[in-house]
> 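I have a structure I would like to understand better, so I am pasting it below and will then ask my questions one at a time.
Index from 1, following the sequence. Everything numeric in this text was worked out from a predicted model, so none of it was measured.
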Amino acid sequence: MELEITKEATVVDYTVNHLKRAELPKILRVQQGIVRATHDFMFKKGLTQLMPLMLSPITDPLNHGVVDATIGYAEQRWSLTKSMIFHKQLALMNPALDSIYIVSPNVRLEFADRADTGRHLFEFTQVDFEFKGKDRFFVMEFMEELVNFVFRRLNEELPETIMELRGELLPQYEKWEVCRTEKLEAAFGPEYEHLKSKEATVPFWLLNHKREFYDKEDPKKRGTYLNYDLIWPEGYGEGLSGAEREHEYRQIRKRMAEVGTSEDVFANYLEIAKEGGIPKTAGAGFGVERMTRFICRLKDVDEATVFSRKPFAKAIF
Ligand code: ASN
């Protein structure tokens, strides 16, 4: 199936082979089905769609290092979007907007250690959504409903393709199991997320990752965080991350200091927070190619691309 780049097979051969794969059009139809059903679900639920931004003076600092992707323009520095987390919060400052979503291209120039995880692309798309005045319970239930909605639609619209790629039709899930990182780590050791994902047959939630400053710290239990990851079963791993957000000035600054985020870059964001302008929100984002991978049981998420975006691989298109 996948052609390795060797001395004999050049990057051109690899690229052409990758885009001519017989199964690719079917994978793309499934991915299209995911996006179509997601739009319908969001519309039904009353979320307003924003167009994505690819450049901004601020972007997600992420909780892992990536290669810098900033450019100079109009005497300013602009970052390629790693996620639209801050734009989601800021867009909800509009009093008449309560819930939004974006089909958002993200550029994360991962280091070579993420080349063969099967889960990383240096450019991918996430469906990023955010609600004003809602909490983690609301968002988790929303996502559970979205998954069942998308899966039902794919079964109805593309039954033969799903059967062919997945080997069976997609399930409808009951309420998902909720796990905590500290408990899983105690049971499975440092590889807990992967090991639990491998063992699982249905998706589950994983709460309490120590992450970026914008994920809210539990005011009732300092040092724990009100965030949640969707973990796909069968070893496919993380498919969504989200959280209730920090929105209070003092708390944002405290969390920035803890995780080592520079206040300089976020000076204007902090000024809005100081005036009490950042609304109280919760949200999440799921990786489109990762959902495609799980549904089609693909070995590597890169099989969902036409033009390979494997971290650190050479590309010509
Ligand atoms: N989309 C994620 C969120 O809403 C952030 C991310 O992609 N890093 O929390």
> Looking at Glu303, Glu164, Glu234, which hits salt bridge (charged side-chain N to carboxylate O under 4.0 Å, His left out) with Arg297?
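The passing option is Glu234.
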> Report yes or no: do Asn17 and Thr15 form a side-chain donor-acceptor pair below 3.5 Å?
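Judged by distance alone, the side chains do not pair up.
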> With a 4.0 Å cut-off, would you call Asp40 and Arg153 a salt bridge?
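Yes, this pair counts.
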> Does either side chain, that of His39 or that of Tyr101, offer a donor lying less than 3.5 Å from an acceptor on the other one?
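On atom types as modelled, these side chains qualify, holding a pair under 3.5 Å.
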> Kindly indicate, with the supporting measurements, whether the criterion salt bridge (charged side-chain N to carboxylate O under 4.0 Å, His left out) is fulfilled by Glu248 and Arg250.
CA-CA 6 Å; Glu248 289 163 356; Arg250 281 161 163 273; over 6 Å; no
> I would like to know whether Arg36 and Glu157 meet salt bridge (charged side-chain N to carboxylate O under 4.0 Å, His left out); could you show each step before the answer?
CA-CA 11 Å; Arg36 258 165 54 88; Glu157 291 180 352; 3.2 Å; yes
> Give the C-alpha distance, both sets of side-chain angles, the deciding distance and a yes or no for salt bridge (charged side-chain N to carboxylate O under 4.0 Å, His left out) between Asp300 and Lys310.
CA-CA 9 Å; Asp300 194 299; Lys310 234 177 175 358; 2.7 Å; yes
> Within a reach of under 6.0 Å around CD of Glu271, are more than 12 heavy atoms found that belong to other residues, nucleotides or ligands?
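Result for CD/Glu271: open.
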> For Glu174, I'd like to know if atom CD has over 12 heavy atoms of other residues, nucleotides or ligands within 6.0 Å.
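No, the 6.0 Å shell around CD holds no more than 12 heavy atoms from other groups.
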> Let me see the working for Leu270 and Lys274 under side-chain contact (heavy atoms from CB on, under 4.5 Å), right down to the final yes or no.
CA-CA 6 Å; Leu270 283 168; Lys274 196 171 184 179; over 6 Å; no
> Pairs under 3.5 angstrom only: tabulate donor-acceptor contacts from the side chains of residues 66-74 to other protein residues two or more places apart or in another chain.
| from | atom 1 | to | atom 2 | distance (Å) |
| --- | --- | --- | --- | --- |
| Asp68 | OD2 | Thr70 | OG1 | 2.9 |
| Thr70 | OG1 | Arg77 | NH2 | 2.9 |

> Measure centre to centre between the rings of His18 and Phe307, then say whether the value is under 6.0 Å.
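Ring-ring flag for His18/Phe307: false, centres at least 6.0 Å apart.
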> Could you tell me if the side chain of Arg253 sits less than 4.5 Å from the side chain of Tyr249, heavy atoms only?
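A side-chain contact exists here, since the closest heavy-atom pair is under 4.5 Å.
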> Should we say atom CZ of Arg114 is surrounded by more than 12 heavy atoms from elsewhere, each under 6.0 Å from it?
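Atom CZ in Arg114 is crowded, with more than 12 foreign heavy atoms closer than 6.0 Å.
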> Contact between Leu226 and Pro219 at the side-chain level, heavy atoms closer than 4.5 Å - yes or no?
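They are in contact (side-chain heavy atoms under 4.5 Å apart), so the answer is yes.
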> Could you tell me if Lys196 sits above the aromatic ring of Tyr192, with its cationic atom closer than 6.0 Å to the ring centre and no more than 45 degrees from the axis?
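Here Lys196 fails the 6.0 Å and 45° test against Tyr192.
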> Are any non-hydrogen side-chain atoms of Glu123 and Asn106 less than 4.5 angstrom apart?
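A side-chain contact is absent here, since even the closest heavy-atom pair is not under 4.5 Å.
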> Going by atom types alone, do Gln31 and Glu289 pair a side-chain donor with an acceptor below 3.5 Å?
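Checked: Gln31/Glu289 side chains show no N/O donor-acceptor pair below 3.5 Å.
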> Is Arg180 atom CZ crowded by more than 12 heavy atoms from other residues, nucleotides or ligands, each under 6.0 Å away?
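More than 12 heavy atoms, drawn from other residues, nucleotides or ligands, come within 6.0 Å of this atom.
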> Between CG of Leu154 and CG of Leu170, what distance do you get to the nearest 0.5 Å?
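Rounded to the nearest 0.5 Å, the CG-CG separation comes to 6.0 Å.
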> If you count heavy atoms of other groups shown closer than 6.0 angstrom to NZ of Lys183, is the number above 12?
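Count not over threshold, so no.
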> Quick check: are there more than 12 heavy atoms from other residues, nucleotides or ligands sitting under 6.0 Å from CZ of Arg211?
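Check passes, neighbour count above 12.
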> Would you verify whether the NZ or CZ of Arg166 falls within 45 degrees of the ring axis of Phe294 while also being under 6.0 Å from that six-membered ring's centre?
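Yes.
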> Count the heavy atoms belonging to other residues, nucleotides or ligands that lie under 6.0 Å from CD of Glu191, then report whether that count exceeds 12.
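No, the 6.0 Å shell around CD holds no more than 12 heavy atoms from other groups.
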> Any ion pair linking Lys134 and Glu244 (charged N to carboxylate O, less than 4.0 Å)?
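No salt bridge links Glu244 with Lys134.
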> Hey, does Phe151 have a side-chain heavy atom less than 4.5 Å from the side chain of Tyr173?
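Side chain of Tyr173 against side chain of Phe151, heavy atoms only: contact under 4.5 Å found.
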> Do the non-hydrogen side-chain atoms of Leu165 and Ile27 ever get within less than 4.5 Å of each other?
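Yes, at least one pair of side-chain atoms sits under 4.5 Å.
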> Would you say Asn208 and Thr224 are linked by a side-chain donor-acceptor pair, where the criterion is simply a distance under 3.5 Å?
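There is no such pair between these side chains.
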> With a 6.0 Å cut-off (strictly less than), is the heavy-atom count around CZ of Phe43, excluding the residue itself, greater than 12?
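No, the 6.0 Å shell around CZ holds no more than 12 heavy atoms from other groups.
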> Is the shortest distance from a Lys or Arg side-chain nitrogen in Glu110 or Arg108 to a carboxylate oxygen in the other one below 4.0 Å?
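Between Arg108 and Glu110 there is no salt bridge, as every charged N stays at least 4.0 Å from the carboxylate O atoms.
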> I'd like to know if the side chain of Lys216 pairs up with that of Tyr225 as donor and acceptor (distance under 3.5 Å, no hydrogens or angles considered).
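There is no such pair (donor and acceptor under 3.5 Å, judged by atom type) between the side chains of Lys216 and Tyr225.
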> Take Trp205 and Leu230, measure what side-chain contact (heavy atoms from CB on, under 4.5 Å) needs, and give me the verdict at the end.
CA-CA 5 Å; Trp205 292 108; Leu230 173 179; 3.8 Å; yes
> Could you check whether the rings of Tyr269 and Phe213 sit parallel, tilted or perpendicular, using 30° and 60° as the cut-offs?
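It falls in the perpendicular class, over 60°.
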> What distance do Ser83 atom OG and Ile102 atom CD1 have between them, rounded to the nearest 0.5 Å?
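One gets 8.5 Å once the value is rounded to the nearest 0.5 Å.
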> Within the structure provided, determine whether His247 and Arg245 are in side-chain contact (heavy-atom separation under 4.5 Å).
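No, too far: nothing below the 4.5 Å cut-off.
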> Taking the basic N atoms (NZ, or NE/NH1/NH2) and the acidic carboxylate oxygens, is any pair closer than 4.0 Å for Arg309 and Asp302?
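Salt bridge absent between Arg309 and Asp302.
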> Taking the side chain as every heavy atom from C-beta outward, state whether Lys280 and Lys132 have any pair of such atoms under 4.5 Å apart.
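The answer is no; the side chains never approach within 4.5 Å.
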> Evaluate the ring-ring contact (aromatic ring centres under 6.0 Å, His included) criterion for residues Tyr228 and Phe204: first the C-alpha distance (whole Å), next the side-chain angles of each, then the deciding distance (0.1 Å), finally the verdict.
CA-CA 10 Å; Tyr228 33 83; Phe204 61 94; over 10 Å; no
> Do Tyr214 and Glu246 have side chains that get closer than 4.5 Å, going by heavy atoms?
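No. Closest side-chain heavy atoms not under 4.5 Å.
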> Could you tell me whether Asp215 and Arg255 have a side-chain N and a carboxylate O separated by less than 4.0 Å?
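No, this pair does not count.
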> Does the side chain of Thr281 come under 3.5 Å of the side chain of Glu130 through a donor N or O and an acceptor N or O?
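Indeed, the side chains of Thr281 and Glu130 share at least one donor-acceptor pair under 3.5 Å.
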> So Phe129 and Phe131, would you call those rings parallel, tilted or perpendicular, with 30° and 60° as cut-offs?
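Geometry flag for Phe131 against Phe129: perpendicular rings.
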> If you group Ile, Leu, Val, Met, Phe, Trp and Tyr by side-chain heavy-atom gaps below 4.5 Å, do Tyr236 and Val150 land in one group?
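Tyr236 and Val150: one cluster.
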> Run Lys254 and Glu217 through salt bridge (charged side-chain N to carboxylate O under 4.0 Å, His left out) and show every step you take.
CA-CA 10 Å; Lys254 184 192 111 153; Glu217 186 179 23; 2.8 Å; yes
> Please test Thr48 against Met42 for side-chain contact (heavy atoms from CB on, under 4.5 Å), starting from the C-alpha separation and ending with a verdict.
CA-CA 8 Å; Thr48 300; Met42 297 294 187; over 6 Å; no
> Would you mind checking if Glu238 and Arg290 are paired as a salt bridge, meaning a charged N to carboxylate O distance below 4.0 Å?
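Yes.
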> Take Phe111 and His64 through the test ring-ring contact (aromatic ring centres under 6.0 Å, His included) and record every step on the way to the result.
CA-CA 10 Å; Phe111 290 104; His64 70 280; 8.7 Å; no
> Could you please spell out the steps behind the side-chain contact (heavy atoms from CB on, under 4.5 Å) verdict for Asp135 and Val139?
CA-CA 7 Å; Asp135 61 14; Val139 178; over 6 Å; no
